[in-house]
Amino acid sequence: MLPGGMNPKQLKQMERTMKKMGMNMKDLKDVESVTITLKDKELFIPNAEVSIMNAMGQETYQIVGKAEEHIRSSNSDDISVAISDDDVDLVALQTGKDKDLVRKTLSEVKGDLAEAILRLS
């Protein structure tokens with residue numbers, strides 16, 4: 001998952017330089033998804049590409065992919081709803097409302113696009 005514009009010679013040279021500095025980088029295989037849990041939401045990244053870099057005993061993870069936002073409910077019986085950026089953009093375009101309000105409304109209606117548009121119109 002290193003820069004795509006590098007030719008194989010440049011890539012090898014960079015790997016040697018990193019190794020001399022005590023750095024080691026490898027791709028993590030067979031990753032199905034990555035979830036980052038925040039206080040009020042989760043970022044879910046399906047089909048993520050993940051690299052691990054080890055530098056002086058510290059591991060750093062690099063994650064590449066398109067995240068979906070899942071709003072976390074305070075009620076443990078509620079199911080988390082995925083609110084994608086595409087859904088937010090669509091409702092914002094249809095209603096002319098700002099994206100923060102659209103995302104909040106989509107969360108309240110559990111991702112129902114038509115209901116969100118009706119509420120915001």
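- Met53 and Met56 fall into different hydrophobic clusters, where Ile, Leu, Val, Met, Phe, Trp and Tyr are joined by side-chain heavy atoms under 4.5 Å apart, directly or via other members.
- You'll find the side chain of Gln62 stays beyond 4.5 Å of the side chain of Glu49, heavy atoms only.
- Using a 4.5 Å heavy-atom cutoff, the side chains of Asp85 and Arg103 are in contact.
- For CD of Glu59, the number of neighbouring non-hydrogen atoms (other residues, nucleotides, ligands) closer than 6.0 Å is greater than 12.
- Under the 4.5 Å side-chain criterion, counting only non-hydrogen atoms from C-beta, Thr60 is not in contact with Ile52.
- Val102 places none of its side-chain heavy atoms less than 4.5 Å from the side chain of Asp100.
- With rounding to the nearest 0.5 angstrom, the OH atom of Tyr61 is 7.5 Å from the CG atom of Leu28.
- The hydrophobic cluster containing Phe44 does not contain Val64, counting ILVMFWY residues as joined when their side-chain heavy atoms lie under 4.5 angstrom apart, directly or transitively.
- Between atom CG of residue Leu93 and atom NZ of residue Lys99 there is a gap of 9.5 Å, rounded to the nearest 0.5 Å.
- Closest approach of Ser33 to Pro46, counting heavy atoms only: CB-CA, 4.0 Å.
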List the steps, then state whether side-chain contact (heavy atoms from CB on, under 4.5 Å) holds for Asp87 with Leu113.
CA-CA 7 Å; Asp87 289 349; Leu113 298 178; 3.7 Å; yes

Would you please test Lys41 and His70 for side-chain contact (heavy atoms from CB on, under 4.5 Å) and show each step?
CA-CA 5 Å; Lys41 62 185 171 186; His70 293 229; over 6 Å; no

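- Under the 4.5 Å side-chain criterion, counting only non-hydrogen atoms from C-beta, Leu43 is in contact with Glu69.
- Between Asp27 and Val50 the shortest side-chain heavy-atom distance does not fall below 4.5 Å.
- Annotation: salt bridge (charged side-chain N to carboxylate O under 4.0 Å, His left out) contacts involving residues 112-121, sequence neighbours excluded, comprise Glu108-Arg119, Glu115-Arg119.
- Side-chain heavy atoms closer than 4.5 Å link hydrophobic residues (I, L, V, M, F, W, Y) into clusters, and following such links, even through other members, never connects Val91 to Val109.
- Between the OG atom in Ser84 and the NZ atom in Lys66 there is a gap of 7.5 Å [rounded to 0.5 Å].
- Lys97 has its side chain out of reach of Thr105: every pair of non-hydrogen atoms, C-beta onward, lies at least 4.5 Å apart.
- In the hydrophobic clustering of this structure, Ile117 groups with Leu101; members are Ile, Leu, Val, Met, Phe, Trp, Tyr whose side-chain heavy atoms approach within less than 4.5 Å, directly or through other members.
- Taking CD of Gln94 as the start and CG of Leu90 as the end, the distance is 5.5 Å to the nearest 0.5 Å.
- Distance check, rounded to the nearest 0.5 Å: NZ of Lys110 to CD1 of Ile83 gives 9.5 Å.
- Residues Met18 and Met25 meet the side-chain proximity criterion, which asks for heavy atoms closer than 4.5 Å.
- Closest of all the heavy-atom pairs between Val34 and Ala48 is CG2-CB, 3.7 Å.
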